[in-house]
Undergrad: 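Starting off with a structure, shown below.
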There are 2 protein chains.
Amino acid sequence: MSTVVRLSEARKADLRCALCPIRDRAVCAYSGPEELKLLEVIKSYRTYQPGEEIAAMGEETAHIGSVVQGTVSLSRLMADGRRQMVGLLFPGDFVGRIMLPTAPYDAVAVDEVTLCLFERRRFERLLAESPDLRRRLLEMTLDELDAAREWMVVLGRKTAREKLASFLMILVRRAAIATGGEARDGLRIALPLTREAMADYLGLTIETVSRQIGALRRDGLITLEDARHLVVHSVAALREAAGDDA
Amino acid sequence: MSTVVRLSEARKADLRCALCPIRDRAVCAYSGPEELKLLEVIKSYRTYQPGEEIAAMGEETAHIGSVVQGTVSLSRLMADGRRQMVGLLFPGDFVGRIMLPTAPYDAVAVDEVTLCLFERRRFERLLAESPDLRRRLLEMTLDELDAAREWMVVLGRKTAREKLASFLMILVRRAAIATGGEARDGLRIALPLTREAMADYLGLTIETVSRQIGALRRDGLITLEDARHLVVHSVAALREAAGDDA
DNA sequence: CGGATTCCTTGACCTGCATCAATCCGCCGC
DNA sequence: GCGGCGGATTGATGCAGGTCAAGGAATCCG
């Protein structure tokens, strides 16, 4: 009995917004305690398995929300099977298109994903009344637009090697943020994506992805622990290889 | 004397928001008469010549505003000279990044461009108080994000021919909207961009752009009047060539 | 333990687009 | 008229990355 109580208390604690791991980055980042209370009432959590579909392009989406844990891919599929990933969402990022009833692309869980969901209609009603939510959502959308445009440069103008290095740099920056500080040499990186998903993100084939990873390894920029884990030896060299100046 | 008066009256009429040609599409689309009055006070017009720089990446931008007339390109330049266009703005579209002091990319007038400008600080203050402006801006930003992601598919996965056809389809859709109705066969299209600008938009070289236009012409999809004007014979065939289903 | 499956790597070959180079066309100033 | 110039076309050639094919490594399951 007492274990049950303790479990339910723990579950409850998980659900408290104040303790949420993405509290400072999600749509609700600017929301005060009163608004948080409102959100707490209407929110629900859902977990998706790797590869599981979160939303399908063209279909109605009843829920929208935030990535709490894991990685979500947004992609578009052409009629003949070619696929292009158009976004990669990490904890704190917002999933779902507001002001539009249907999803404009496929959303798929890359690894095990937990979402903090709101019923779309209810969230939009809340949005209409909350300057804090609106402000944060606008800010996040603008950031995503900048990121999308940055990625257009990668897709349109970079070589396969530069594409790979650019992708790794994204992971390096994320890992640096997660561990609190600067991007340091010797950083160990987990690749959340399969070779195929990377290829779809970078506009390449899996063979080219594999070969370019091999080339970066041979050139001493990285070491592969296994197919999904690597160590970055020189962040500066990797940035150089990505063709960025920033 | 009387002509001077009449001229100044005409000028004044040009400046009245109620008569603005982009009144229904710009940031101010949802603004009521009172708000329009406020905007009317702080706005100013400026005209740019073809090729003239509107904003340079990384530099502070004192003004933001709407495209009233003409076409604006947003692009990013890599250190070695490679350029990728990341957006093409038409009348009604918003120029400038709010909530950020510096421009995230270069903005250049493609042809003769007229902007309706607001001092950035003042506009942001207005934005903070106006739900109508904020709502419209969020809506426009979300639309641009969708457009950017759609373009990522073009850049990442389409062939040169499909890229050209996709670009022409954008112009066809725009021309259709401008002339009020459906995209009809036999439509005459003006190319606002040079071959170089098209190449930068599509992630190609000017030679490939030229060759692919030639190929579309030889295949009977289009006829060239001159280098900057063409007729689309079959919109359906062009869409097909673009590799789209929508 | 062995077979099946999924994911990744590697090799040989091919092709679509880039590169390099020459020419053309329309337009301007003189 | 004619040179000069920016933009566009066209041709010849090369190569980065795609395609096709085989095989390895890890995991699952009977």
Side-chain angles (χ1 to χ4, degrees), chain A residues 49-52 73 78 80-84 108 110-111 154-168 190-219 222-230 241 243, chain B residues 49-52 73 78 80-84 108 110-111 154-168 190-219 222-230 241 243:
Chain A
Q49 292 312 303
E52 194 177 347
S73 77
M78 292 177 66
D80 59 3
R82 282 176 282 177
R83 183 180 289 279
Q84 176 63 51
V108 176
V110 167
D111 40 26
V154 173
L155 291 175
R157 287 303 185 198
K158 291 197 178 177
T159 64
R161 165 181 255 253
E162 289 171 329
K163 284 179 175 185
L164 250 297
S166 297
F167 173 66
L168 294 183
L191 297 175
L193 305 185
T194 63
R195 297 290 185 267
E196 183 176 24
M198 283 191 246
D200 287 342
Y201 196 26
L202 297 167
L204 297 170
T205 59
I206 58 173
E207 293 93 332
T208 300
V209 168
S210 191
R211 277 189 253 269
Q212 292 302 331
I213 289 179
L216 291 175
R217 179 178 52 69
R218 246 170 285 117
D219 294 350
I222 59 174
T223 304
L224 263 69
E225 284 185 11
D226 59 65
R228 302 292 274 272
H229 296 272
L230 52 83
Chain B
Q49 292 312 304
E52 194 176 347
S73 75
M78 291 177 66
D80 59 2
R82 281 176 282 177
R83 184 180 289 279
Q84 176 64 50
V108 176
V110 167
D111 41 24
V154 174
L155 292 175
R157 288 302 185 198
K158 292 197 179 177
T159 64
R161 166 181 254 253
E162 289 171 328
K163 284 179 175 184
L164 249 299
S166 297
F167 174 65
L168 294 183
L191 297 175
L193 304 185
T194 63
R195 296 290 184 269
E196 183 177 23
M198 283 191 247
D200 287 343
Y201 197 25
L202 298 167
L204 298 171
T205 60
I206 57 174
E207 294 93 331
T208 300
V209 168
S210 191
R211 276 188 252 269
Q212 293 301 330
I213 288 179
L216 292 175
R217 180 178 51 68
R218 248 171 284 116
D219 294 351
I222 58 172
T223 304
L224 262 70
E225 282 185 11
D226 58 64
R228 302 292 275 270
H229 296 272
L230 52 83

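Each chain gets a letter, A, B and so on, in the order the sequences are listed, and its residues count up from 1.
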Undergrad: Rounded to the nearest 0.5 Å, what's the gap from NZ on B/K163 to OH on B/Y201? Could you check?
TA: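 The distance works out to 12.5 Å.
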Undergrad: Classify B/R82 by what it touches in the nucleic acid, base, sugar-phosphate, or nothing, heavy-atom distance under 4.0 Å.
TA: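 Nothing: the residue B/R82, judged by heavy atoms under 4.0 Å, touches no strand.
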Undergrad: If you find the nucleotide of DNA chain C closest to A/R157 and the one closest to A/G214, which residue's nucleotide is nearer the 5' end?
TA: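 Closer to the 5' end of DNA chain C: A/G214.
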Undergrad: For A/R82, is there an ion pair with A/D80 - N to carboxylate O distance below 4.0 angstrom?
TA: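 Yes, this pair counts.
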Undergrad: Using whole Å, report how far CG of B/L164 lies from P of D/dT9.
TA: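 From B/L164 CG to D/dT9 P: 10 Å.
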Undergrad: Could you tell me the separation between the CZ atom of B/R217 and the P atom of D/dT9, rounded to a whole number of Å?
TA: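 In whole Å, D/dT9 P and B/R217 CZ are 9 Å from each other.
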Undergrad: Between B/D200 and A/R157, is there a salt bridge with N-O shorter than 4.0 Å?
TA: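 B/D200 and A/R157: salt-bridged.
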Undergrad: Counting just side-chain N and O atoms, does B/S210 come under 4.0 Å of either OP1 or OP2 of D/dT9?
TA: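 Yes, because at least one side-chain N or O of B/S210 sits under 4.0 Å from OP1 or OP2 of D/dT9.
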Undergrad: Under 3.5 Å, is there an N or O donor on one side and an acceptor on the other linking the side chain of B/R211 and the base of D/dG11?
TA: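 Answer is yes: a donor-acceptor pair is held.
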Undergrad: In this structure, which one of B/L191, B/L204, B/L168 forms a side-chain contact (heavy atoms from CB on, under 4.5 Å) with B/M198?
TA: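 Of B/L191, B/L204, B/L168, side-chain contact (heavy atoms from CB on, under 4.5 Å) with B/M198 is met by B/L191 alone.
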Undergrad: Please check if the number of heavy atoms outside A/E225 that lie under 6.0 Å from its CD is greater than 12.
TA: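 Atom CD in A/E225 is packed in, count exceeds 12.
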Undergrad: For B/G203, which contact category applies under a 4.0 Å heavy-atom criterion: base, sugar-phosphate, or nothing?
TA: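 Here B/G203 touches the backbone only, sparing every base.
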Undergrad: Would you be so kind as to tabulate the donor-acceptor pairs closer than 3.5 Å made by side chains of residues 206-215 of chain B, with sequence neighbours excluded?
TA:
unit_1: B/T208; atom_1: OG1; unit_2: B/T205; atom_2: OG1; d: 3.1

Undergrad: Anything under 4.0 Å to a heavy atom of chain A counts; send over the first and last such nucleotide of DNA chain C, read 5' to 3'.
TA: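 Endpoints of the contacted stretch of DNA chain C: C/dC8 to C/dA12.
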Undergrad: Would you please confirm or rule out a distance under 4.0 Å between OP1 or OP2 of D/dG6 and any side-chain N or O of B/R195?
TA: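 So the side chain of B/R195 is outside the cut-off, no N or O lying under 4.0 Å from OP1 or OP2 of D/dG6.
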Undergrad: At under 4.0 Å between heavy atoms, what does B/L224 touch on the DNA or RNA strands: base, sugar-phosphate, or nothing?
TA: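 Contact class for B/L224: sugar-phosphate only.
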Undergrad: Where is the tightest heavy-atom contact between B/P192 and B/D111, given as atom of each residue plus distance?
TA: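 Looks like CB-OD2, 4.1 Å.
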Undergrad: Write down the distance between CZ (B/R228) and P (D/dG7), rounded to a whole number of angstrom.
TA: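 Result: 9 Å.
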Undergrad: To the nearest Å, how far apart are B/E207 CD and D/dT13 P?
TA: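 After rounding, the gap between these two atoms is 16 Å.
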Undergrad: Between D/dT9 atom P and B/L204 atom CG, what is the distance in whole Å?
TA: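 Nearest whole value for this atom pair: 14 Å.
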Undergrad: Quickly work out the B/H229 NE2 to D/dA8 C1' distance and round it to whole Å.
TA: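 The distance from NE2 of B/H229 to C1' of D/dA8 comes to 15 Å, rounded to the nearest Å.
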Undergrad: Under 4.0 Å, heavy atoms only, any strand: does B/I213 hit a base, just the sugar-phosphate, or nothing?
TA: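 No contact.
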Undergrad: Need one value for B/T194: base, sugar-phosphate or nothing, where a base atom within 4.0 Å counts as base even if backbone is also close, heavy atoms only.
TA: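 Counting heavy atoms under 4.0 Å across all strands, the contact made by B/T194 is with sugar-phosphate only.
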